[in-house]
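Report on the following structure.
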Amino acid sequence: MISEEEARRKIFEMVRPLPARRSSILQALDRFAAEDYFSRLPLPNFDNSAMDGYAVVASSCKKGARLRIIGEQPAGIDQRLHISRGEAVRIFTGAPMPDGADAIVMQEDVTRNGAEITVNVDVDPGDFVRRLGCDLAEGQKILAKGARIPAAKIALLASQGFTDVSIGGEVNAAIISTGDELVRPGEKIAPGQIYESNSVLLNGLLQRCDATVISEEYCPDKREFLIDAINGGIKNHILIITGGVSVGQHDLVKEALHHLGAQIDIWRVAVKPGKPFLFGCIGACLVFGLPGNPVSAFVTFLQFVRPAILKLMGAANLDLPEVPARLTVDVTNDGDRPHYVRGKLDHGRFTPVGRQESHALFGLSQSNALLRIAVGESLKAGEIVDAQIWD
Ligand code: AMP
Ligand code: MG
């Protein structure tokens, strides 16, 4: 049995980011940038009005001043208007500032009289002017290699005239659920059987990582069936097998993998839940064997499979997001493995929920965060802890 750190190190050693690909900026949502991007234009890229109103020369614009309107500048092509003291240009939000103007008076702050306005406020230079480059300078880094691309970054890329970007590769995944007891939801169940739930759990988690699920298979605990199913699954970047990786005599996954010439790098990790976790590869396919117990499958997916997928996709940050939270009860780990406690994170408070056992799917379903308790660690109610969140 190896430590989690050792397991992660071995996994990362095996995982190479997939080749980058070009994508339209829209399709790049939530993917990872494969290179650094820099601004081509400052933002704003010209001085412009922040309001509908009048462009003026501030020094000729004390309260009560009367100004002559000499033209109109809507948003759009710069009409290259020029004003002098005592003059104003009717202007609209986003329109380029006329030459000579250094401030905008809001239309609400003037009284218009034909081709003239009376200014009802004092005006200072710079009022309601959006200066060239005040938000972003040309040549500034706008997206770092390995960073996720959320909607606002897509908008920023568009504002710079980019139509497409280079992003990390797409990860294809196969799932195999093993167990003689498993029955597909919707089918009739006999005594001793259970409805299979890990494949939908993993499918959901894979979707959250933006991996593409290519196939999902059920497989009884029979060596030949397992070999067939695994053979089908290894055409993908990753294969996730649940169940059958423990030490029982019906746990045949390891044997089937060996038969197919797999290199098995990890079997059994000091983590609770999830000890029987297996990792290896067959050719270029990374193979993850997760325990059949749903909570174990969930925790090992988040701790070991998710970071591997992120690395394949070219992500820089492979960790689960963590948020500080105040623990509401005492928790202790008297066991010999780090324990991922399932809990509810609510308004900055973390409370363990449900039965903390590896089969307890209802308990898991009530939780939205994990708290890792190291071996021998004793945390007191009121302490601030780092809760891991996955959604
Ligand atoms: P195993 O890892 O195969 O020893 O299975 C451990 C426990 O998880 C057993 O109680 C199984 O019935 C249960 N289990 C295994 N696979 C699944 C699955 N796909 N969905 C729900 N429960 C499962
Ligand atoms: Mg089994």
Side-chain angles (χ1 to χ4, degrees), residues 1-2 7 173-208 211 213-230 232-233 236 238-259 262 264 266-280 287-306 335 337 339-340 342 354-367 390:
M1 192 156 63
I2 61 170
I175 304 170
I176 303 174
S177 313
T178 75
D180 286 337
E181 72 279 33
L182 305 179
V183 174
R184 224 174 266 282
E187 289 174 10
K188 247 179 102 135
I189 206 168
Q193 293 185 311
I194 63 165
Y195 283 122
E196 197 279 330
S197 58
N198 283 350
S199 64
V200 285
L201 173 74
L202 293 168
N203 197 318
L205 292 170
L206 284 162
Q207 284 188 52
R208 278 280 174 271
V213 179
I214 301 292
S215 67
E216 275 173 22
E217 274 213 55
Y218 279 32
C219 192
D221 293 313
K222 307 276 178 303
R223 197 167 166 275
E224 296 66 39
F225 286 103
L226 274 170
I227 290 171
D228 264 7
I230 293 170
N236 299 287
I238 68 167
L239 167 61
I240 305 177
I241 308 168
T242 71
V245 289
S246 200
V247 291
Q249 76 199 71
H250 298 283
D251 294 328
L252 303 171
V253 167
K254 230 165 94 184
E255 204 183 304
L257 287 171
H258 274 309
H259 176 84
I264 295 179
I266 300 171
W267 183 55
R268 311 219 301 166
V269 178
V271 58
K272 185 183 168 187
K275 182 164 81 175
F277 173 81
L278 176 150
F279 169 76
V287 181
F288 295 89
L290 310 190
N293 277 310
V295 186
S296 308
F298 181 82
V299 167
T300 50
F301 180 93
L302 291 181
Q303 302 305 324
F304 305 119
V305 186
R306 179 182 181 275
R337 289 172 280 152
H339 186 192
Y340 286 89
R342 282 75 71 194
R355 295 184 72 88
Q356 297 290 323
E357 287 164 283
S358 58
H359 65 89
L361 183 55
F362 178 60
L364 176 66
S365 75
Q366 293 173 294
S367 76
W390 58 81

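Remember, it's a predicted structure, so these values are computed and weren't measured experimentally. Ligands are counted one by one from 1 in listed order, and the atoms in each one are counted from 1 as well.
The backbone N or O of Pro220 lies less than 3.5 Å from no partner atom in the side chain of Thr178, so there is not a single donor-acceptor pair. Without hydrogens or angle criteria, Arg337 side chain to Val271 main chain gives a donor-acceptor distance under 3.5 Å.
In this structure, Gly248 does not count as a contact residue of ligand 1, since none of its heavy atoms falls inside 4.0 Å of the ligand. Residue His359 places every heavy atom at 4.0 Å or more from ligand 1. Using a 4.0 Å heavy-atom cutoff, Gly179 is absent from the residues neighbouring ligand 1. Residue contact annotation: Val245 has no non-hydrogen atom under 4.0 Å from ligand 1.
Evaluation of the salt bridge (charged side-chain N to carboxylate O under 4.0 Å, His left out) rule for Arg208 yields Asp391 as partners, not counting sequence neighbours.
Ligand 1 has no nitrogen or oxygen under 3.5 angstrom from a nitrogen or oxygen of Ser177.
Considering each of Val253, Ile241, Asp251, Val247, the one bringing a non-hydrogen atom nearest atom 4 (O) of ligand 1 is Asp251. Residue Gly244 holds the heavy atom nearest to atom 3 (O) of ligand 1 of all those in Gly244, Gly192, Gly292. Nearest residue to atom 7 (C) of ligand 1 from Ile175, Asn293, Val295, Leu182 is Asn293 (criterion: closest heavy atom).
Screening Leu257, Ile266, Thr300 against Leu278 for a side chain to side chain contact (heavy atoms under 4.5 Å, CB included) leaves a single residue, Leu257.
Annotation: side chain of Ile240 is in contact with side chain of Phe301 (closest heavy-atom distance under 4.5 Å).
Scanning the protein for heavy atoms near atom 20 (N) of ligand 1, the closest one is Ser197 N, 3.1 Å.
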